[in-house]
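What follows is a set of notes on a single structure, which appears directly below.
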Amino acid sequence: MDFSDYKDIYVFAEQRDGEIQPVALELIGKAKELSKVTDEKVVAILAGCGIADKAQTLVAYGADKVVVIDAPELKDYVTEQYTQAVFQAVNAFKPSILMYGATTIGRDLAPRIAARLGTGLTAD
């Protein structure tokens, strides 16, 4: 497998009720530290409904770029809808690293994305 297309550190920016969760901001900080070693950009994935205006907060905390997935079916976290949306983004952009918070949502979503990608997962 050719990994040369895989680049950048992606962070799933968890939000609930349109509010970015503190864990997402913490992960962006950790990703920013890691990016200094890997010389890659930090990209946040922000999924939800009517949340595009929250992207600037992620940039303020250190994201170089934000991929916004804005759709009515992503208003509330539903496993299959989020899995499909995030998988499509990850499959298209090919991050070298993908980080999730160790939250209920992160622990539900991360293994599903890893399984669809056929890749490993390190938890906690």
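Counting from 1, the numbers follow the sequence of the chain as shown.
Contact between Leu121 and Ala110 at its shortest, heavy atoms only, is CD1-CB, 3.9 Å. Val66 and Ala55 get closest at one heavy-atom pair: CG2-O, 3.6 Å. Taking all atoms of both residues into account, the shortest heavy-atom contact from Ala24 to Ala13 is CB-CA, 3.7 Å. Here the closest heavy-atom approach between residue Leu27 and residue Gly101 is recorded as CD1-N, 3.2 Å. The two residues Cys49 and Pro72 have their closest heavy-atom pair at SG-CA, 3.7 Å. When all heavy atoms are compared, the tightest approach of Ala31 to Val11 is CB-CG2, 3.8 Å.
In this structure, CD1 on Ile28 lies 9.5 Å from OH on Tyr61, to the nearest 0.5 angstrom. Taken to the nearest 0.5 Å, the CD1 atom of Ile97 stands 6.0 Å off from the CD atom of Glu40. Distance check, rounded to the nearest 0.5 Å: CG of Leu34 to OG1 of Thr38 gives 5.0 Å. How far OH of Tyr100 is from CD1 of Ile45: 7.0 Å, rounded to the nearest 0.5 Å. Between atom CD of residue Glu33 and atom NZ of residue Lys36 there is a gap of 7.0 Å, rounded to the nearest 0.5 Å. The structure places CD1 of Ile51 at 9.0 Å from CG of Leu58, a figure rounded to the nearest 0.5 Å.
Around CG of Asp39, the count of heavy atoms belonging to other residues, nucleotides or ligands within 6.0 Å does not exceed 12. No more than 12 heavy atoms of other residues, nucleotides or ligands shown are found within 6.0 angstrom of NZ on Lys30.
With a 4.5 Å cut-off on side-chain heavy atoms, Leu109 and Thr79 do not count as touching. Proximity of Leu25 to Ile20: side-chain heavy atoms (C-beta onward) are separated by under 4.5 Å at one or more points. Residues Glu80 and Glu73 fail the side-chain proximity criterion, which asks for heavy atoms closer than 4.5 Å. Annotation: side chain of Pro95 is in contact with side chain of Val90 (closest heavy-atom distance under 4.5 Å).
Looking only at atom types and distance, the side chain of Thr103 has no donor-acceptor partner in the side chain of Gln21 under 3.5 Å away.
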Check your understanding: Step by step, would you call Arg116 with Gln84 a side-chain contact (heavy atoms from CB on, under 4.5 Å)?
Key -> CA-CA 10 Å; Arg116 288 190 188 195; Gln84 273 292 6; 3.6 Å; yes
Check your understanding: Given Lys32 and Asp64, is the side-chain contact (heavy atoms from CB on, under 4.5 Å) satisfied, shown in steps?
Key -> CA-CA 9 Å; Lys32 202 68 180 171; Asp64 296 301; 3.0 Å; yes
Check your understanding: Under the side-chain contact (heavy atoms from CB on, under 4.5 Å) criterion, do Gln88 and Phe93 qualify, and how do the steps go?
Key -> CA-CA 9 Å; Gln88 287 176 9; Phe93 294 108; over 6 Å; no
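A donor-acceptor pair under 3.5 Å links the side-chain atoms of Gln15 to the main chain of Ala47, judged by distance alone. For Asp8 (side chain) and Lys41 (main-chain N/O), a donor-acceptor pair under 3.5 Å exists by modelled atom type.
Criterion: ILVMFWY side-chain heavy atoms under 4.5 Å apart, direct or through other members. Under it, Val23 and Val67 are not part of a common hydrophobic cluster. With hydrophobic clusters built from ILVMFWY side chains whose heavy atoms lie under 4.5 angstrom apart, Leu46 does not share a cluster with Tyr77. Val78 and Ile105 fall into different hydrophobic clusters, where Ile, Leu, Val, Met, Phe, Trp and Tyr side chains are chained together by heavy-atom contacts under 4.5 Å.
Under the side chain to side chain contact (heavy atoms under 4.5 Å, CB included) rule, Leu98 has a single partner from Ile9, Thr119, Ile113, which is Ile113.
The aromatic rings of Tyr82 and Phe12 lie perpendicular to each other, with more than 60° between the two planes, well past the 30° mark.
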